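Shown next, in structure tokens, is the structure this report addresses.
A note on names: the letters A, B, ... follow the listed sequences, proteins ahead of strands, and every chain is numbered from 1. Computed over heavy atoms, backbone and side chain alike; hydrogens, waters and symmetry mates excluded. What you see is a predicted model; the values in this text were computed from it and never measured.
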Amino acid sequence: MKRIKIKEILSNSSQYIDQQITLKGWVRTKRGNKHVAFVALNDGSTIHTIQIVLDVVKFSEDQLKDVTTGACIGVTGKLVQSQGAGQSVEMQAEALEIIGVADPETYPLQKKGHSLEFLREIAHLRPRTNTFSCVLRLRHAMAFAVHKFYNDKGFVYVHTPIITGSDAEGAGAMFQVTTLDVSNPPKTKEGAIDYTKDFFGKSTNLTVSGQLEGELAAMALGEVYTFGPTFRAENSNTTRHLAEFWMIEPEMAFYEIQDNMDLAEEFLKYLVQYALDNCIDDLNFLNEMYDKELVGRLKSIVETPFVRLNYTEAVEILIASKQKFEYKVEWGIDLHSEHERYLVEKHFMKPVILTNYPKEIKAFYMKANEDGKTVRAMDVLFPGIGEIIGGSQREDNLEKLQARCKEVGIHENEIWWYLDTRKFGSAPHSGFGLGFERLMLFVTGMGNIRDVIPFPRTPQSAEF
RNA sequence: UCCUUCUUAGCUCAGCUGGUUAGAGCACAUGACUGUUAAUCAUGGGGUCCUUGGUUCGAGCCCAAGAGAGGGAGCCA
């Protein structure tokens, strides 16, 4: 008999009532007495379980013994109105198949909750918990919504390379990619490692951003986006950083900085609304278990216009606040998280988009303003998360970009291909990067970025 | 990388001023109960007190070093 998913049964129960159905899934709990056993079965299609009623006389003792927390079973029987109080329907089982046993003495997940720290140590089993099944369903929904948002707008999804030979992005320390024998690498006459003997004939790394390649595509296709893994070899040990994370980077020709901000705000609101519309069961569970304000906060984000503020104005607000900050505020500093938190969580109490930063603290490719001091950068700051999006209008003037490269010490022969876009048919364009796991932190209300990706990669940690 | 806290049963934790045989709840096992809702009740098994070294008549507890984890900061998305 064909298996039906629990989500389908529960959402269309009237259609299946008194019908013979087959369910397959994993046992969450079993309880009961000598005559009847109740099994809560979950198959991952929904946060909810369905109650299986096992009339003890119908099954062998051996079979019932193997129905333990964590075991995988298949059951066939009739869907009936429940006699118990906790659910409207349940299955009266007629046939039981033990698909995979789970020794209860050694199975690490118990019926009661576990700490998130413990679950990280058993990341291979944590998707079986309510919390992580919620997070992973939401992660899927958000990834799908990203593609839907851009596809519906006519953006082209561009696959940028994972292995890059360019080290000009300046976005952080990189992981080297090499096939050389690291214990005995070939050397040049001068004694340096001879990368001409390496696989690609040059030194290569895992990408820290697809942006530069995204810009190339935008100069042909108009509006594009990338969505892929990125890698940073920074020794960051925080609840907001991973060594391997996923990033969404749209890049749009003919967008000025204002258009860029409009898109970023619309995009974030779309994603949050998508979660509210499609994953409310999972959100309600997370709201109940971890963060009582989660759903309310998500709803308010969708309704509230984001504050838009110049860096200079932000500095003035911070100075006028008379707050005691660990790092002193003055024009020219890169804002620290205490400053961002003050603006977002105390002063405005809503998301803030900061623009026009001093050029010294931003990347070489950002478009200079007429004042000669600031660039058209924008950071979207979210409550509890900090910087969720970083972006800018790009410098489209060849001479200015070349001058900027010189100032920051990037050799033109490293990124000649990037400069070519400004040489041939240059156009104003803008883009931004959204850290996918930062978005997931916000949408799930989870406190640690290691809990919103299936297998987190952090310094000193690459198990599983 | 810096600051800080923690590490005792499978899990979550208690453990007095350093004192004899290290406890609880949950989980697990056995039994009871004819409809349970993270079932309940009874009984039971389960310990390298993170590791190494030191102080002491005596260390889970004090000291040192190391390992691992959490939180904060920096870097950033």
Side-chain angles (χ1 to χ4, degrees), chain A residues 27-40 42 48-57 65 68-70 80-87 90 92 102-122 129-130 169-173 208-211 229-249 264 289 325-327 334-338 340-341 361-363 379-382 385-391 432-442 447-451 453 458-461 463:
Chain A
V27 174
R28 283 290 166 77
T29 68
K30 184 174 80 167
R31 46 183 179 262
N33 54 44
K34 206 186 285 176
H35 306 274
V36 62
F38 302 95
V39 172
N42 182 276
H48 300 297
T49 55
I50 195 164
Q51 175 156 285
I52 310 294
V53 183
L54 296 165
D55 210 341
V56 169
V57 293
K65 222 177 161 59
T68 58
T69 299
V80 295
Q81 300 288 346
S82 179
Q83 299 169 37
Q87 58 284 314
E90 64 192 14
Q92 199 70 46
D103 175 13
E105 291 272 9
T106 52
Y107 184 63
L109 291 170
Q110 57 190 44
K111 300 175 199 179
K112 280 222 171 184
H114 294 92
S115 66
L116 295 169
E117 290 83 2
F118 173 67
L119 293 174
R120 271 173 225 148
E121 294 169 14
I122 51 166
T129 63
N130 285 331
E169 284 94 339
V208 292
S209 164
Q211 181 202 313
T230 44
F231 307 88
R232 306 270 169 96
E234 303 284 355
N235 191 11
S236 298
N237 294 288
T238 79
T239 55
R240 300 181 306 282
H241 291 84
L242 291 165
E244 177 183 290
F245 65 101
W246 288 65
M247 190 150 64
I248 299 129
E249 296 177 288
M289 297 300 287
F325 293 117
E326 197 180 330
Y327 293 88
D334 206 352
L335 297 182
H336 290 266
S337 39
E338 55 175 343
E340 296 179 346
R341 291 186 81 106
I361 59 172
K362 288 293 178 182
D379 284 0
V380 182
L381 310 179
F382 257 36
I385 312 290
E387 184 182 341
I388 192 167
I389 276 180
F432 59 81
L434 168 67
F436 188 54
E437 285 76 18
R438 295 257 174 105
L439 170 78
M440 288 302 302
L441 282 177
F442 185 74
N448 193 313
I449 203 163
R450 297 175 181 96
D451 297 328
I453 188 169
T458 53
Q460 299 297 308
S461 171
E463 191 72 47

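Residue-level contact check: A/Pro104 touches the backbone only, with heavy atoms under 4.0 Å from sugar-phosphate atoms and none from bases. Contacts of A/Gly113 with the nucleic acid, taken as non-hydrogen atoms under 4.0 Å apart, include base atoms. Using a 4.0 Å heavy-atom distance criterion, A/Leu439 is classed as making no nucleic acid contact. Backbone-only engagement by A/Asp334 is indicated by non-hydrogen atom pairs under 4.0 Å involving sugar-phosphate atoms exclusively. The residue A/Glu244 sits apart from the nucleic acid: no heavy atom pair falls under 4.0 Å. Residue A/Gln51 is in base contact, counting any heavy-atom pair closer than 4.0 Å across all strands shown. As judged by a 4.0 angstrom heavy-atom cut-off over every strand, A/Gly84 is placed among the base-contacting residues. Nucleic acid contact for A/Phe118: sugar-phosphate only, since backbone atoms but no base atoms lie under 4.0 Å from a heavy atom of the residue. If you check every strand for non-hydrogen atoms under 4.0 Å, A/Leu109 touches nothing. Looking at heavy-atom distances under 4.0 Å, A/Ala85 makes contact with a base. Residue contacts shown for A/Glu326 are absent, as no nucleic acid heavy atom lies under 4.0 Å away. Nucleic acid contact for A/Phe231: none, since no nucleic acid atom lies under 4.0 Å from a heavy atom of the residue.
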Paired and unpaired positions of RNA chain B as dot-bracket, Watson-Crick or G-U wobble under 3.5 Å, | denoting a partner strand: (((((((..((((.....[...)))).(((((.......))))).....(((((..]....))))))))))))....

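Taking the P atom of each, B/C41 and B/A24 are spaced 16 Å apart, rounded to whole Å. Rounded to whole Å, the separation between the C1' atoms of B/C49 and B/A9 comes to 10 Å. For the P atom pair drawn from B/A64 and B/C3, the interatomic distance equals 15 Å after rounding to whole Å. On the C1' atoms, B/U12 is 25 Å away from B/A59, given to the nearest whole Å. Comparing the P positions of B/C50 and B/C11 gives an interatomic distance of 13 Å, to the nearest angstrom. Taking atom C1' on both B/A67 and B/U48, the two are 15 Å apart, rounded to the nearest angstrom. Atom P of B/G60 sits at a distance of 45 Å from the matching atom of B/C75, rounded to the whole Å. Across the C1' atoms, B/U8 and B/G23 are found 10 Å apart, a figure rounded to whole Å.
Looking at the side chain of A/Ser337, the nearest of the listed nucleotides B/G35, B/A38, B/G74 is B/G74. When distances run from any side-chain atom of A/His114 to the nucleotides B/C33, B/C11, B/A73, the shortest one goes to B/C11. Comparing B/C76, B/A32, B/A73 against the side chain of A/Lys34 picks out B/A32 as the nearest. Candidate nucleotides B/G35, B/G74, B/C75 were compared by shortest atom distance to the side chain of A/Tyr327, and B/G74 ranks first. Side-chain proximity of A/His35 to B/U34, B/U1, B/C26: nearest is B/U34.
The closest side-chain donor-acceptor pair between A/Thr230 and A/Arg232, if any, does not fall under 3.5 angstrom. Defined by atom type and a distance below 3.5 Å, a donor-acceptor pair is missing between the side-chain atoms of A/Thr69 and A/Gln110. No hydrogens or angles considered: a donor-acceptor pair under 3.5 Å links the side chains of A/Arg28 and A/Asn130.
Look at A/Lys362 and you won't find any side-chain N or O under 4.0 angstrom from OP1 or OP2 of B/C76. A/Asn33 has no side-chain polar atom (N or O) that falls below the 4.0 Å cut-off from OP1 or OP2 of B/C33.
The base of B/C75 lies close enough to the side chain of A/His241 for a donor and an acceptor atom to sit less than 3.5 Å apart. Looking at A/Ser236, its side chain has no donor and acceptor atom pair within 3.5 Å of the base of B/C76.
Rounded to an integer number of Å, the gap from CG of A/Asp379 to C1' of B/C75 is 14 Å. Rounded to an integer number of Å, the gap from A/Gln110 CD to B/A27 C1' is 5 Å.
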Give every pair of a protein N or O atom and an N or O atom of nucleotides 40-48 of chain B that lie under 3.5 Å apart, one pair per line with the distance.
none

Give me, pair by pair, the N or O atoms of the protein and of nucleotides 3-6 of chain B that are less than 3.5 Å apart, along with how far apart they are.
none

Could you go through nucleotides 65-72 of chain B and list every protein N or O atom that sits under 3.5 Å from one of its N or O atoms, giving the distance for each pair?
{"residue": "B/G70", "atom": "OP1", "partner": "A/Arg120", "partner atom": "NH1", "Å": "2.9"}
{"residue": "B/G71", "atom": "OP1", "partner": "A/Asn448", "partner atom": "ND2", "Å": "3.1"}
{"residue": "B/G71", "atom": "OP2", "partner": "A/Asn448", "partner atom": "ND2", "Å": "3.2"}

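A/Asn235 contributes no side-chain N or O that, together with a main-chain N or O of A/Pro459, makes up a donor-acceptor pair within less than 3.5 Å. Judged purely by atom type and a 3.5 angstrom limit, A/Glu234 has no side-chain atom pairing as donor or acceptor with the backbone of A/Ala243.
Legend: residues meeting side-chain hydrogen bond (donor to acceptor under 3.5 Å, both in side chains) with A/Gln211, ordered by chain and number and at least two apart, are A/Glu215, A/Tyr365. Among residues two or more places apart in sequence or in another chain, the side-chain contact (heavy atoms from CB on, under 4.5 Å) test is passed with A/Gln87 by A/Gln51, A/Ser82, A/Glu90.
Along RNA chain B, the nucleotide nearest to A/Arg31 and the one nearest to A/Glu338 differ in position, and the one closer to the 5' end is contacted by A/Arg31.
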Stepwise side chain to side chain contact (heavy atoms under 4.5 Å, CB included) test for A/Thr239 and A/Ile449: CA-CA 5 Å; A/Thr239 55; A/Ile449 203 163; 5.8 Å; no

